[in-house]
Amino acid sequence: MQALPCQGCRGLCCGPVPITEKEYKNIQKKVKAMPRKLRDELEKQPRLYGTCMFYDLDRDQCGIHAARPDICRMFGYHKDLVCFRKPELATKEPAPLKQKHIGYLSIDITWKDF
Ligand code: SF4
Ligand code: SF4
């Protein structure tokens with residue numbers, strides 16, 4: 001599968017994303033396993049309003065990459081999740097949302113929940 005040209009976007013498409021209970025638990029584990037210094041750095045980074053709380057501005061990457069929600073994994077490859085920098089990669093059928101979402105990261109679920 002061709003990769004998206006994400007380097008340099010600095011979290012352009014990383015806004016508040018919906019997560020399931022299972023994804024929340026996975027992220028909780030990931031955050032708990034982080035060195036305290038890294039967690040503190042991530043929490044204090046001055047993001048633009050609307051940028052995902054886990055986007056790591058210093059490293060220009062997702063701060064919880066291995067535990068990121070399904071919607072982040074699907075972004076750019078489904079017809080309803082198009083990346084404007086590479087729209088030709090959005091060829092899969094609309095993303096299947098199998099499980100119930102419990103809320104949006106950065107809005108309903110914030111640092112106090114981790
Ligand atoms: S998916 Fe597209 S907009 Fe998002 S970071 Fe990657 S290249 Fe940039
Ligand atoms: S969890 Fe990671 S990939 Fe998903 S929106 Fe946040 S920073 Fe981006």
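Remember, it's 1-based here, ligands and their atoms both numbered in the order they're listed. All heavy atoms count here, side chains included; hydrogens, waters and symmetry mates do not.
Set against the non-hydrogen atoms of Cys13, the atoms of ligand 1 under 4.0 Å away are 1 (S), 3 (S), 4 (Fe), 5 (S). Near Phe75, meaning under 4.0 Å from any of its heavy atoms, are these atoms of ligand 1: 1 (S). Using a 4.0 Å cut-off to heavy atoms of Tyr55, the atoms of ligand 2 that qualify are 7 (S).
Heavy atoms of other residues, nucleotides or ligands lying less than 6.0 angstrom from CZ of Phe114 number more than 12.
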**OP:** Kindly indicate, with the supporting measurements, whether the criterion side chain to side chain contact (heavy atoms under 4.5 Å, CB included) is fulfilled by Glu41 and Met34.
**Re:** CA-CA 11 Å; Glu41 268 175 37; Met34 260 179 208; over 6 Å; no

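In Pro69, the part holding a heavy atom less than 4.0 Å from any atom of ligand 2 is the side chain.
The nearest heavy-atom contact from the protein to atom 8 (Fe) of ligand 2 is Cys14 SG, 2.3 Å. When hydrogens are left out, the protein atom nearest atom 6 (Fe) of ligand 2 is Cys52 SG, 2.4 Å; that is the closest non-hydrogen contact. Among all non-hydrogen protein atoms, the one lying nearest atom 2 (Fe) of ligand 2 is Cys62 SG, 2.3 Å. Protein heavy atom closest to atom 5 (S) of ligand 1, with residue, atom name and distance, is Cys9 CB, 3.4 Å. The closest protein non-hydrogen atom to atom 4 (Fe) of ligand 2 is Cys72 SG, 2.3 Å.
Note on Cys83: counted as a metal contact of atom 2 (Fe) of ligand 1, an N/O/S atom lying under 2.8 Å.
Looking only at distances, a side-chain donor or acceptor of Tyr24 sits under 3.5 Å from a matching main-chain atom of Asp113. The main-chain N or O of Val31 is never found under 3.5 Å from a side-chain atom of Arg39 such that the two would form a donor-acceptor pair. Remark: side-chain polar atoms of Arg68 are not paired, donor with acceptor, to backbone N or O of Cys62 under 3.5 angstrom.
The structure places CG of Leu38 at 6.5 Å from CG of Asp56, a figure rounded to the nearest 0.5 Å.
Here Lys25 does not pair with Glu23 in a salt bridge; the nearest charged N to carboxylate O distance is not below 4.0 Å.
For the pair Leu105/Ile27, a side-chain contact is recorded, criterion being any heavy-atom separation below 4.5 Å from C-beta on.
The closest approach between any non-hydrogen atom of Gly76 and ligand 1 is not below 4.0 Å.
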